[in-house]
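Encoded as structure tokens, the structure appears first; notes follow it.
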Amino acid sequence: MARHLITSALPYINGIKHLGNMVGSMLPADVYSRYLRQRGHDVLYICATDEHGTPAELAAKEQGLPVADFCAQAHDAQKAVYDGFALAFDYFGRSSSPQNVEITQHFARKLNENGFIEERAIRQVYSPADGRFLPDRYVEGTCPHCGYDKARGDQCENCTRVLDPTDLLNPRSAISGSTDLEVRETKHLFLLQSKLQHEVEAWVARHEDDWPQLASSIARKWLNEGLHDRAITRDLDWGVPVPADTWPELAAEGKVFYVWFDAPIEYIGATKEWADQDPENRDWKSWWYEADDTVRYTEFMAKDNVPFHTVMFPATELGVREPWKKVDYVKAFNWLTYYGGKFSTSQKRGVFTDQALEILPADYWRYFLIANAPESDDSSFTWEHFTATVNKDLADTLGNFVNRVLSFSKKRFGEAVPAGGEPGEAEARLGEEIARLLAEYEQQMEALQFRKAAAALRALWSAGNSYLEEKAPWLEIKTNKDGAALTLRTAMNLIHLYAVVSEPFIPATSAAMRAAFDLADDTATWVTEDEAKALASVPAGTPFTVPPVLFAKLTDDDLAAYKERFGGEPQ
């Protein structure tokens, strides 16, 4: 089986993420990782908190904490939420780790040796009151385009226009609030992406036909516009330090690497963090170095991260002139909106992942988000759509099937799977249909088409209900007890099949369904075509229990309460 390296865009450290962030990177990566593991592949799923950059320092300042303490606490808080969502990372690291510092500095030195880094003097805002140069996000003011008075020096969040700090009206320091600002000359390191343009174009050309159109079109747009040399250092107190052995003057000034230079390198850094926990049994380099022929690397991210992962990071990897693994497949997502408006971490608009888990267990959210993933275009979260999906797909189609089959069988045949007669024509038709739908589900999962995969999974669940309605064991038992027993035994085998193949989407529910049957040796990781047709993995006589209600139906009162708490329209 293949070795699969999987990464999702690193969640930024300044606060708990919203549902759009979850469905745009980490959750689909988890679903895919779980599926591949079940199919027998060797999988390494790596993620980490992205801890450097201006927002981390500002968030720490707002909380009155040293930035290192703030990041440590925020990392643990985020990890707790991801544990709550049952994200099965092999390792969830930190971009502030010593491993990332080491590898980032190595990359910078190699780029410099190969002529792809240049020291340049630029003019930058300086605050005498703070005694420091101010990176773009440390400058706030009024947007010259829309008049928003809390625009940052890199972008106005209100109208989304890209800005330069000198564009702002009435600029002020985000640290002290001082309006006494100057423009002074300072030196920074620039990555000479222009010199790597043709190499990046050739690399993208070899892959873009295999990528989703969203990813390839964004990469091609950036390349068509031409790669520009980009400053990769900042004047911050927190970040990967510029190495003094290569740039002593800049190191003495406290320069650190720009977050978008070191953050993608943390994929490698986090893998080394993982390996360093058990160095005798884990080889991080085998996943990243000279691994083109042995590892398939898939990245998951929302569309705003695509340029950095399809152009900038590949340019960095190409420039070091070492055989580092580059991405094979970029699974890019559009936006999940909240009633058509943007989720916003800073403005606390929409549903955030910790709040979601306060309301309902993770499987409700996991299924809904993947079934409505913003793949081909943006999709909108509404409470009406959420409650309707939960009630129809989870509570009625799956949950009610499990409950009524097991409850009815327990009532009429006791707490063991009934025997009944031999499978007949209806069971043969059902087996063929289940095998066909399972093949469709597998095909969509292999293609990373998550909405279509969810539809195929839903169809598998619906097939069980159609069979139950056709056979009607509650009527059948009146005239043909063995026939009713066969129907229920077949339906119980469907429940076990659902438990196995639904695990990537709803792992906790799958575990509950599987645990309903007291099988002596239940080691199944997937279901073959022949097993799907036979539906005989749970033999007659197997003890079973009726699990608690798998999914509670959401009421009109629930819907009203959700809308009252979070709002039913974008704010």
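Only heavy atoms go into these numbers, but all of them, side chains included; no hydrogens, no water, no symmetry mates. Worth saying up front: this structure is predicted, and the values here are computed from it rather than measured.
Ionic pairing of Arg37 and Glu503 is not present here: no N-O contact between side-chain nitrogen and carboxylate oxygen is shorter than 4.0 angstrom. Taking 4.0 Å as the cut-off between side-chain N and carboxylate O, Glu113 and Arg109 do not count as a salt-bridged pair. Classification of Arg152 and Asp154 as a salt-bridged pair holds, one side-chain N sitting under 4.0 Å from a carboxylate O. For the pair Arg39 and Glu442, the salt-bridge criterion is met [side-chain N within less than 4.0 Å of a carboxylate O]. Between Glu358 and Arg565 there is a salt bridge, with a side-chain nitrogen of the basic residue lying less than 4.0 Å from a carboxylate oxygen of the acidic one.
Formation of a donor-acceptor pair under 3.5 Å by the Asp164 side chain with backbone atoms of Thr166 is found in this model. Asn158 places no side-chain N or O within donor-acceptor distance of the main-chain N or O of Ala151, the cut-off being under 3.5 Å. A donor-acceptor pair under 3.5 Å is absent between the side-chain atoms of Thr104 and the main chain of Val101, judged by distance alone.
Ring centroids of His188 and Phe133 are separated by 6.0 Å or more, keeping the two rings apart. Taking the six-membered ring for Trp, Phe368 and His385 have ring centres closer than 6.0 Å.
For residues 225-246, the set of pairs meeting the ring pair (Phe, Tyr, Trp, His ring centres under 6.0 Å) definition, not counting sequence neighbours, comprises His52-Trp238.
Not counting sequence neighbours, the partners of Trp383 by the side chain to side chain donor-acceptor pair (under 3.5 Å) test are Tyr338. Take Trp247 and apply the ring pair (Phe, Tyr, Trp, His ring centres under 6.0 Å) test, not counting sequence neighbours, and it matches no residue. In this structure, Phe505 has no ring pair (Phe, Tyr, Trp, His ring centres under 6.0 Å) partners at least two apart in sequence or on a different chain. In this structure Thr298 satisfies the side chain to side chain donor-acceptor pair (under 3.5 Å) test with no other residue, sequence neighbours excluded.
Taking 4.5 Å as the limit, some side-chain heavy atom of Leu111 sits within range of a side-chain heavy atom of Val320. Within the 4.5 Å cutoff, no side-chain heavy atoms of Val139 are placed close to those of Arg172. Side chains of Asp292 and Pro323 form no contact here, defined as non-hydrogen atoms less than 4.5 Å apart. Contact check for Trp287 versus Tyr297: no side-chain heavy atoms found under the 4.5 Å cut-off.
Relative to the ring axis of Tyr329, Lys331 does not place its NZ or CZ within 45° and under 6.0 Å from the centre.
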Contacts table for residues 67-84: side-chain donor-acceptor under 3.5 angstrom, sequence neighbours left out:
| from | atom 1 | to | atom 2 | distance (Å) |
| --- | --- | --- | --- | --- |
| His75 | ND1 | Thr49 | OG1 | 2.9 |
| Gln78 | OE1 | Tyr82 | OH | 2.8 |
| Gln78 | NE2 | Tyr12 | O | 2.7 |
| Gln78 | NE2 | Gly15 | O | 3.2 |
| Lys79 | NZ | Asp83 | OD1 | 2.7 |
| Lys79 | NZ | Asp83 | OD2 | 3.3 |

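Ring-plane geometry between Phe343 and His18 is classed as parallel, the angle between the planes falling under 30 degrees on a 0 to 90 degree scale with a further cut at 60. Classified by interplanar angle (parallel below 30°, tilted 30° to 60°, perpendicular above 60°), the ring pair His106/Trp324 is perpendicular.
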